[in-house]
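Here's the structure, in structure tokens; my notes come after.
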Amino acid sequence: MTQTTDVRSSARSAGGPRAEQDENTRSRVLGAVLEHGPVSAADLGEMLELTPAAVRRHLDALEQQRIVEVTMVRRPSGGAGRPARRYVVAPEGHAKLGDDYLEIATDAMETIRRVAGPEAVRAFIQDRVDRLEAAYRPEVEAAGDDVADRLPVLVRLLSQDGFAASTNEVAVGRGEQRTIVSAQLCQGHCPVRELAARYPQFCELETALIARLLGTDVRRLSTQAAGAHVCTTHVPLLRPAAVAAQTVADHAPDDITDHTTDRTTDHTTEEGRHD
């Protein structure tokens, strides 16, 4: 499981209750950036119930240590205006949060490739994914057949294994006609990020694992291995049959649907954000 204690030694060395309090608060700030980034300082303050000055003090310290960094994000309203400042975990921060065995792991993977070939590498990664599936499947299936019920369980299990997972719902329509039809599964940390950059089979087989556990087709939108700040996977919450049935009902003649409520059929998709 991901630990943030490795990045707090400097505060502890100063000693005293104040230093320990700062250490704990800074760890909370880092954990929130890890889970919710890209995220604004104002949002962090609301999440953690901290004053803006306190949040910025800890963010400045983490930025000086190259554990977090600022990224500029286009505002959701679009149009003119400066991009918004958002905080994310920096590459050095990810390294301190879980890449302690990177060199050994990389050497091991390269030895497998050299001695047994690329198929042996894929088989090794598949075995790791299979073990994750065996561990996750009982709890995920216990949530029922609905994707919307399974997804929170998967998020919890991924977070327990260090992926800092969360979800954003993506809505279609406006006002009272807004309908949640999909979600974005976000992973703020990847314990094998550097390995996955060298061996994309990690991302490929992990995406297939998510699809199998949720029982629906998913689509990977971004990965940290390819340079993104967050791994994002699109998850449809309505099965194709349900969507088709809803579409038929929406377009049915008035003499058949006179007891149904009107629905908006010309929807504009609002992209989900993780900021």
So does [Y] get a backbone contact from the side chain of [X], meaning a donor-acceptor N/O pair under 3.5 Å?
| X | Y | result |
| --- | --- | --- |
| Ser222 | Val230 | yes |
| Gln224 | Gln187 | yes |
| Ser159 | Ala165 | yes |
| Arg150 | Gly144 | yes |
| Arg66 | Ala90 | no |
| Arg28 | Leu48 | yes |

Is the shortest side-chain heavy-atom distance between [X] and [Y] below 4.5 Å?
| X | Y | value |
| --- | --- | --- |
| Leu132 | Asp161 | yes |
| Ile125 | Met109 | yes |
| Leu195 | Thr106 | yes |
| Val192 | Arg128 | yes |
| Glu139 | Arg156 | yes |

Enter the distance from [X]:[atom1] to [Y]:[atom2] here, rounded to the nearest 0.5 Å.
| X | Y | atom1 | atom2 | value |
| --- | --- | --- | --- | --- |
| Asp146 | Leu237 | CG | CG | 8.0 Å |
| Leu214 | Asp145 | CG | CG | 12.0 Å |
| Arg193 | Arg198 | CZ | CZ | 10.5 Å |
| His234 | Gln184 | NE2 | CD | 8.0 Å |
| Asp43 | Tyr87 | CG | OH | 12.5 Å |
| Leu213 | Leu151 | CG | CG | 11.0 Å |

* Say whether Phe202 and Leu221 are linked into one hydrophobic cluster, either directly or through other cluster members, by side-chain heavy-atom distances under 4.5 angstrom. => no
* So if you build clusters from Ile, Leu, Val, Met, Phe, Trp, Tyr with side-chain heavy-atom gaps below 4.5 Å, do Val88 and Ile67 land together? -> no
Taking 4.0 angstrom as the limit, do [X] and [Y] come out as a salt bridge?
| X | Y | value |
| --- | --- | --- |
| Arg56 | Asp60 | no |
| Glu206 | Arg220 | yes |
| Glu204 | Arg122 | yes |

* Given side chain to side chain contact (heavy atoms under 4.5 Å, CB included), test Leu44 with Leu50 step by step and report yes or no. => CA-CA 8 Å; Leu44 287 170; Leu50 296 172; over 6 Å; no
* To do: Any chance you could lay out the side chain to side chain contact (heavy atoms under 4.5 Å, CB included) test for Tyr136 and Val153, step after step, and finish with the verdict?
  => CA-CA 9 Å; Tyr136 291 177; Val153 177; over 6 Å; no
Measure across [X] and [Y] and return the closest heavy-atom pair with its distance rounded to 0.1 Å.
| X | Y | result |
| --- | --- | --- |
| Leu59 | Val68 | O-CG2, 3.9 Å |
| Cys186 | Asn168 | SG-ND2, 3.8 Å |
| Gly45 | Val55 | CA-CG2, 3.6 Å |
| Cys190 | Phe163 | CA-CD2, 4.5 Å |
| Leu185 | Ile210 | CD2-CD1, 3.8 Å |
| Val147 | Pro236 | CG1-O, 3.7 Å |

* Yes or no on salt bridge (Lys or Arg N to Asp or Glu O under 4.0 Å) for Arg113 and Glu110, after CA distance, side-chain angles and deciding distance? -> CA-CA 5 Å; Arg113 186 198 64 79; Glu110 180 58 25; 2.5 Å; yes
* To do: Count the heavy atoms of every other residue, nucleotide or ligand shown that sit under 6.0 Å from CZ of Arg219, and state whether that count exceeds 12.
  => no
* To do: Output, in order, the C-alpha distance, side-chain angles, deciding distance and verdict of side chain to side chain contact (heavy atoms under 4.5 Å, CB included) for Leu62 and Arg26.
  => CA-CA 8 Å; Leu62 291 169; Arg26 195 156 299 164; 3.7 Å; yes
* Can Glu133 and Arg212 be said to form a side chain to side chain contact (heavy atoms under 4.5 Å, CB included), step by step? -> CA-CA 9 Å; Glu133 182 170 0; Arg212 289 195 303 273; 2.8 Å; yes
